[in-house]
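All ligand and atom numbering here is 1-based and tracks the order in the structure. Counting begins at 1 with the first residue of the sequence. Atoms considered below: every heavy atom in the structure, side chains included; atoms not considered: hydrogens, waters and symmetry mates.
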Amino acid sequence: MTTIDRDITRRLRKVLGKRGILDSPADLVSYSYDATTDWQAMPELVLLPETKEQVSEIMKIAHENEIPVTVRGAGTNVSGGSIPISKGIVLCTTRMNRILKLDKDNLYVHVEAGVVLNNLYEFLKKYGLFFPPDPQSFLAATIGGCVSENSGGPYAVKYGVFKHYLLGLSVVLPNGTIMEMGGRTVKNVTGYDLPQLICGSEGTLAVVTDVILKVLPMPEARKTIMAAFKNVISAGQVVSEIVSNGIIPSKIELMDNWIVNRIEELNPIGLPTDSDAVLLFEVDGMTEAVEREAQQISEICRKNKELMMLRIAEDDKEAEMLWNARRAGFSAIFSHASTVLAEDVTVPPKRLPDLIVRIKEIAKRHDLTIVIIGHAGDGNLHPSILTDKNDPGHYKKAQEAVEEIFSSAIDMEGAISGEHGIGLEKRRFLRKILPEDEIELLKDIKRVFDPKGILNPGKIW
Ligand SMILES: Cc1cc2nc3c(=O)[nH]c(=O)nc-3n(C[C@H](O)[C@H](O)[C@H](O)COP(=O)(O)OP(=O)(O)OC[C@H]3O[C@@H](n4cnc5c(N)ncnc54)[C@H](O)[C@@H]3O)c2cc1C
């Protein structure tokens with residue numbers, strides 16, 4: 001791969017103008033990391049295009065000169081996906097941030113890749129509409145990043161993840177070709193489903209420039225329930241009991257004792273600090289159905305002997321306070337250790353209690369702090385190991401624990417990534433879960449899109 005010389009910089013400046021290129025050391029450092037805590041690499045240039053035509057010109061120059069390009073939205077991913085480990089260009093989409101069209105009659109919205117998810121929520125709210133996928137980084141995460149990671153979040157238990165809302169998209173291929181894929185309809189079986197292939201491809205196949213997303217009417221009513229348990233395993237059992245009773249709340253989130261205590265230190269809201277785990281539920285839909293489901297969930301919680309406290313939020317303000325507390329969970333974890341291995345394993349919901357038992361046992365055996373937070377309703381936990389990569393002994397133990405957690409999830413018919421992707425963090429584990437011939441097929445697909453291997457090199461494989 002080539003490094004960027006003066007002539008290439010001059011050509012890029014012609015495409016983007018002065019405002020669209022960053023090259024000072026301070027700027028380059030800002031784009032050298034993401035939300036992972038153990039990777040960093042400096043790009044040579046940061047480019048901030050405002051149109052898909054500019055993206056196309058950038059990619060033509062990069063393709064011709066074999067310059068690595070790492071696409072970046074807000075850089076909130078936790079798998080090292082937007083770190084430019086091969087140097088070259090960081091192509092940041094945050095200036096492509098327009099909402100292009102809302103079609104209220106046909107329930108879709110057309111947005112550019114750099115639109116921040118929360119801005120989309122606020123825009124849709126004005127029209128009584130709802131876009132469910134809610135990665136808890138939604139105050140910063142961009143649509144392009146979420147499509148590329150196939151992001152989920154608490155609402156996934158009832159509403160699914162990004163791919164379930166993706167109708168169509170526009171991309172720029174690594175050689176600079178602009179291409180439209182998919183369309184505007186929920187049903188569309190016309191050749192291979194390319195939008196679904198791009199979704200979750202972690203910026204390795206094409207640059208997403210704009211996206212057509214399905215939206216839903218805002219539910220009539222919502223209710224939040226908080227239940228605290230003496231034992232985290234009982235909390236896991238309650239989750240699987242609720243799901244196996246055919247009740248699908250819109251969210252079921254779990255926070256263990258460590259998280260509850262950090263949240264109470266930051267912003268006390270009355271969560272019981274002596275509980276081993278807190279579950280937060282939301283139910284939504286028609287008012288009568290919401291009342292009934294809230295009742296059913298409360299009854300299942302009350303039947304559990306380890307229940308310590310049950311609270312149904314009285315109004316939206318109280319509900320918001322509880323959900324803000326949940327959202328602070330990841331920040332609490334990341335501010336308590338210089339290196340955090342924030343994992344992302346998923347198992348069928350019925351196996352959730354088994355997974356919790358196994359994680360606790362792994363933590364005890366390695367004498368590590370492993371805190372548990374996650375989207376319990378769909379069996380997706382984020383066991384997070386607090387460590388320090390500058391302490392080789394401790395870091396090695398933490399790495400061993402990660403490997404054991406992954407093996408446990410695989411044994412329980414789960415996956416090593418529910419929503420954070422493989423990126424750099426999980427490359428070495430790919431062969432644990434995918435057979436060699438499947439990996440080769442995936443690499444063949446990568447070669448068709450990107451024969452020169454310039455787009456996000458070094459990721460996934
Ligand atoms: C506090 C916190 C909470 C989080 N909670 C959740 C959660 O609940 N659920 C969840 O799923 N994730 C969660 N995440 C992870 C992360 O926020 C999501 O993966 C998010 O979708 C990333 O969006 P971004 O704009 O920051 O993308 P980035 O981090 O910038 O990029 C992510 C990946 O997408 C690629 N990419 C970005 N934009 C484009 C584009 N336009 N075209 C092609 N490729 C592109 C990048 O190359 C990279 O591989 C959380 C992260 C944090 C820090």
Side-chain angles (χ1 to χ4, degrees), residues 31 33-37 39 43 49 52 55 59 68-85 89-97 111-119 132-157 160-163 169-174 198-211 251 253 323 326-335 340 342 344 346 373-375 378 380-382 384 417-425 449-450 455-460:
Y31 291 84
Y33 59 88
D34 56 22
T36 39
T37 52
W39 294 92
K52 70 172 100 175
V55 174
M59 291 313 300
V69 178
T70 304
V71 191
R72 179 186 174 103
T76 67
N77 79 88
V78 275
S79 52
S82 54
I83 293 175
I85 50 161
I89 292 169
V90 162
L91 189 162
C92 181
T93 61
T94 47
R95 287 190 186 159
M96 298 173 67
N97 57 4
V111 294
E112 287 187 323
V115 167
V116 170
L117 199 48
N118 193 50
N119 293 348
D134 59 342
Q136 295 297 280
S137 50
F138 64 76
L139 291 174
T142 64
I143 296 292
C146 292
V147 168
S148 304
E149 295 287 358
N150 189 14
S151 297
Y155 274 131
V157 59
V161 296
F162 248 79
K163 69 177 176 189
L169 41 72
S170 245
V171 298
V172 174
L173 298 178
I198 299 292
C199 190
S201 64
E202 304 186 44
T204 61
L205 298 182
V207 185
V208 176
T209 58
D210 47 281
V211 181
K251 304 181 189 174
E253 295 290 297
W323 288 110
R326 157 62 185 92
R327 211 167 301 133
F330 242 12
S331 317
I333 296 171
F334 279 98
S335 57
V340 177
D344 173 36
T346 302
I373 186 164
H375 316 301
D378 50 37
N380 181 199
L381 291 184
H382 299 310
S384 301
S417 172
E419 51 183 22
H420 292 169
I422 301 297
L424 295 171
E425 287 278 291
F449 276 82
D450 184 15
L455 204 53
N456 215 354
K459 308 297 163 64
I460 304 181

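- Qualifying side-chain contact (heavy atoms from CB on, under 4.5 Å) partners for S82, counting only residues two or more places apart in sequence or in other chains: D34, R72, N77.
- The shortest side-chain heavy-atom distance between S151 and E419 does not fall under the 4.5 Å cut-off.
- You'll find the side chain of V78 stays beyond 4.5 Å of the side chain of H382, heavy atoms only.
- Within the 4.5 Å cutoff, side-chain heavy atoms of T70 are placed close to those of N456.
- The shortest distance between side-chain heavy atoms of L139 and V116 does not fall below 4.5 Å.
- Within 4.0 Å of ligand 1, counting heavy atoms only, the contacting residues are A35, V71, R72, G73, A74, G75, T76, N77, G81, S82, T93, A113, P135, Q136, S137, A141, T142, G144, G145, C146, S148, E149, S151, G152, G153, E202, G203, A206, V207, V208, F330, H375, E419, H420, N456.
- Under the 4.0 Å criterion applied to side-chain N and carboxylate O atoms, E253 and R326 are assigned as salt-bridge partners.
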